[in-house]
Amino acid sequence: MRQVVKMMRVAMSAPVAGVTRFMSPSCGPLSVLFHGPVPRAIGQEKTGTCLWEVSSGHRLGFLVGETQPMELEICLGGVSVPHIYIEEVAGHVGQQVTLKGWLYNARYSGKLVFLQVRDGSGIIQCVLFKNDVSDQAFELARTLTQESSCIVTGTVREDKRSELDYEIAVSDLALVHMAVDYPITPKEHGVAFLMENRHLWLRSRRQAAILRIRASLIRAIRNYLDSHNFVLVDSPIFTPAACEGTSTLFETQYFDEKAYLTQSGQLYAEASAMALGKVYCFGPTFRAEKSKTRRHLTEFWMVEPEVAYLQFDGLMDLMEDFLCEIVAGVLAERASDFAVIERDITALQRVVKPFPRITYDEAIGILTAKGQPVAWGDDFGGDDETVLANEFDRPVLVHRYPAAVKAFYMKRDADNPKLALGVDLLAPEGYGEIIGGGQREDDLNELLQRIDEHGLPREPLEWYLDLRRYGSVPHSGYGLGVERTVAWLCGLHHVRETIPFPRLLDRLKP
RNA sequence: UCCGGAGUAGCUCAGUCGGUAGAGCGGGUGGCUGUUAACCACUUGGUCGGCGGUUCGAGUCCGUCCUCCGGAGCCA
């Protein structure tokens with residue numbers, strides 16, 4: 001809280017040039033309020049009022065090259081007004097604070113101005129009465145444009161007329177930079193336009209809330225794995241060749257040879273698990289598939305835990321416990337953001353153990369009964385997953401798929417070799433598969449046979465086969481797609497809003 | 001890649017039967033001491049996606065290309 005001990009007022013008439021020095025009689029912070037043209041020393045060119053805080057010291061010097069008159073208020077020997085974030089205002093009621101942010105929206109009513117200011121942590125309404133502030137500050141408030149950066153000083157007070165129950169009674173306002181013709185107005189816009197302006201769209205209340213939820217989810221994932229003694233061992237982004245399946249890879253030049261961007265860190269995670277037991281990798285993944293749906297990105301983030309000596313039933317237990325804890329963690333941390341995006345979280349609060357577990361065969365039965373038959377041996381489509389998920393009030397685990405539709409490294413079910421020990425976790429409300437996992441084939445000869453059946457070359461997989469030559473053990477793991485999970489948590493129609501700068505089939509910019 | 005839809009003011013859109021290019025928002029000016037995507041008055045603003053064709057005349061009809069949107073397959 002600022003406690004002004006002494007105030008000096010210095011009026012200067014134009015033209016004044018050179019260095020002006022003020023000697024402070026004591027140590028301590030120094031606040032300077034400039035009325036009129038701001039000195040060049042601050043790097044400003046526009047007229048206005050500027051709050052300049054000098055951390056400590058006795059001497060203040062600046063260039064005055066303006067041709068307009070200038071007036072200074074110098075507050076000496078006091079404590080400067082503390083800068084706080086909007087999310088902290090509840091703890092500063094009745095106190096004078098400084099907010100540093102951007103203008104989100106404004107309304108004017110004659111001698112009264114309402115500024116909605118955002119600072120990344122939230123949005124708060126700042127009120128200026130003409131009679132309570134300087135003419136310069138009031139004029140600035142009237143002309144401040146959307147997304148102009150500004151510094152607000154004022155008193156926090158509770159007021160039910162404001163959306164957040166709090167508002168700032170402004171005593172001073174300073175311009176940092178005036179924005180000109182900000183493209184995204186407070187009215188409605190189309191998705192195409194917003195995606196073109198994604199770098200600015202992020203500033204909107206809704207997008208910021210989604211990104212905070214994403215960050216919270218990633219933190220919850222790391223917290224879970226780190227606290228359960230998983231070791232973070234990241235997999236490479238550059239990979240030498242297509243090791244898995246038919247998915248298209250992004251090709252890039254790696255000095256004198258070709259390299260590909262990773263489409264999964266799993267094979268490397270298996271090697272890491274043989275070294276460190278319980279591991280996970282967490283990074284971007286690239287798929288050059290020509291997929292054009294609400295569930296697909298060409299670049300997305302995936303966390304892939306892998307555990308040595310973990311077998312199939314234990315894997316499903318782990319997936320279940322993991323998902324329950326990370327969902328609960330995000331709900332606890334970001335309740336206000338779920339409110340901002342108007343997500344009804346009662347469905348998310350039902351994400352508790354145990355999850356229903358059904359076999360592929362049982363899933364086929366459900367789909368047939370629901371009038372959406374699937375031939376045995378086919379994989380499920382998006383609509384099939386939605387029908388299955390709608391049968392339950394929480395995520396469902398679908399396990400033991402036909403081996404033919406699963407990757408070469410999946411271990412076969414000992415009770416039925418036509419089935420693979422793979423499991424997908426389907427999110428409720430039609431969000432589909434957010435986790436895919438399985439027990440890995442640990443027998444060298446079986447694995448060689450699978451590789452041949454899938455028509456894959458052995459040579460680039462020799463290092464992977466070494467894992468079955470030198471102390472092979474049963475092991476399992478899974479991969480969770482961050483964006484699909486965020487889309488489900490937020491109730492979004494499309495994954496493109498779950499990542500700051502989405503990369504899609506037809507979008508590489510911005 | 002396939003199927004469907006759309007491109008008109010900075011943004012969201014309307015534009016009838018082929019006959020002078022429209023609205024709201026935004027920007028600008030003025031008004032208003034409690035506004036909530038504020039409101040009121042005035043004002044500014046156009047390569048009708050590109051190219052070609054039909055026609056006295058094309059935003060409108062035809063051809064073609066481009067871009068975007070939605071969906072499918074594949075997958076997280």
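Labels below follow one simple rule: chain letters A, B, ... track the order of the sequence lines, proteins then strands, and each chain is numbered from 1.
- With C1' as the reference atom, B:A23 and B:U44 are 15 Å apart, rounded to whole Å.
- Look at the C1' atom in both B:U55 and B:U60: the space between them is 13 Å, to the nearest Å.
- As judged by a 4.0 angstrom heavy-atom cut-off over every strand, A:Asp424 is placed among residues making no nucleic acid contact.
- Taking the side chain of A:Glu167 as heavy atoms from C-beta on, and the options B:A37, B:U35, B:A72, the nearest nucleotide is B:U35.
- Taking atom P in both B:A72 and B:G57, the straight-line distance is 47 Å, to the nearest Å.
- The residue A:Asn131 sits close to a base: some heavy atom pair falls under 4.0 Å.
- In this structure, A:His493 reaches the B:G71 phosphate: one of its side-chain N or O atoms is under 4.0 Å from OP1 or OP2.
- Residue side chain A:Phe300 meets the stacking definition with respect to B:A76: its ring centre sits within less than 5.5 angstrom of the base's six-membered ring centre, and the planes differ by less than 30 degrees.
- Looking at every heavy atom in both residues, A:Asp384 comes nearest to A:Asp379 through OD2-O, 4.5 Å.
- Taking atom C1' on both nucleotides, B:G59 is separated from B:A9 by 14 Å, rounded to a whole Å.
- Comparing the P positions of B:C25 and B:C68 gives a spacing of 31 Å, expressed to the nearest Å.
- The neighbour count for A:Tyr108 OH, taken as heavy atoms of other residues, nucleotides or ligands under 6.0 Å away, is above 12.
- When heavy atoms are screened at a 4.0 angstrom cut-off, A:Arg496 is found touching the sugar-phosphate backbone but no base atom.
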How far apart are the C-alpha atoms of A:Arg440 and A:Glu306, what are their side-chain angles, what is the distance that settles it, and do they pass the salt bridge (charged side-chain N to carboxylate O under 4.0 Å, His left out) test? CA-CA 10 Å; A:Arg440 321 306 188 188; A:Glu306 192 75 30; 2.9 Å; yes

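- Nucleic acid contact for A:Arg295: base, since at least one base atom lies under 4.0 Å from a heavy atom of the residue.
- Figure legend. B:U47 is base-paired to no nucleotide; pairs are counted as Watson-Crick or G-U wobble with both atom distances under 3.5 Å.
- Taking atom C1' in both B:A14 and B:C51, one finds a spacing of 27 Å when rounded to whole Å.
- Rounded to the nearest Å, the gap between the C1' atom of B:G63 and that of B:U29 is 49 Å.
- Of the side-chain N and O atoms in A:Asn197, none sit less than 4.0 angstrom from OP1 or OP2 of B:G10.
- Within the 4.0 angstrom heavy-atom criterion, no nucleotide atom of any strand lies near A:Tyr182.
- Within the 4.0 angstrom heavy-atom criterion, no nucleotide atom of any strand lies near A:Arg206.
- Nucleotides B:C2 and B:C62, compared at atom P, are 22 Å apart to the nearest Å.
- Considering only the side chain of A:Arg107, B:A38 comes nearest among B:A38, B:A76, B:U33.
- Heavy atoms of A:Glu304 sit nowhere under 4.0 angstrom from any nucleic acid atom.
- The 5' end of RNA chain B is approached more closely, in terms of each residue's nearest nucleotide, by A:Thr145 than by the other of A:Thr145 and A:Ala106.
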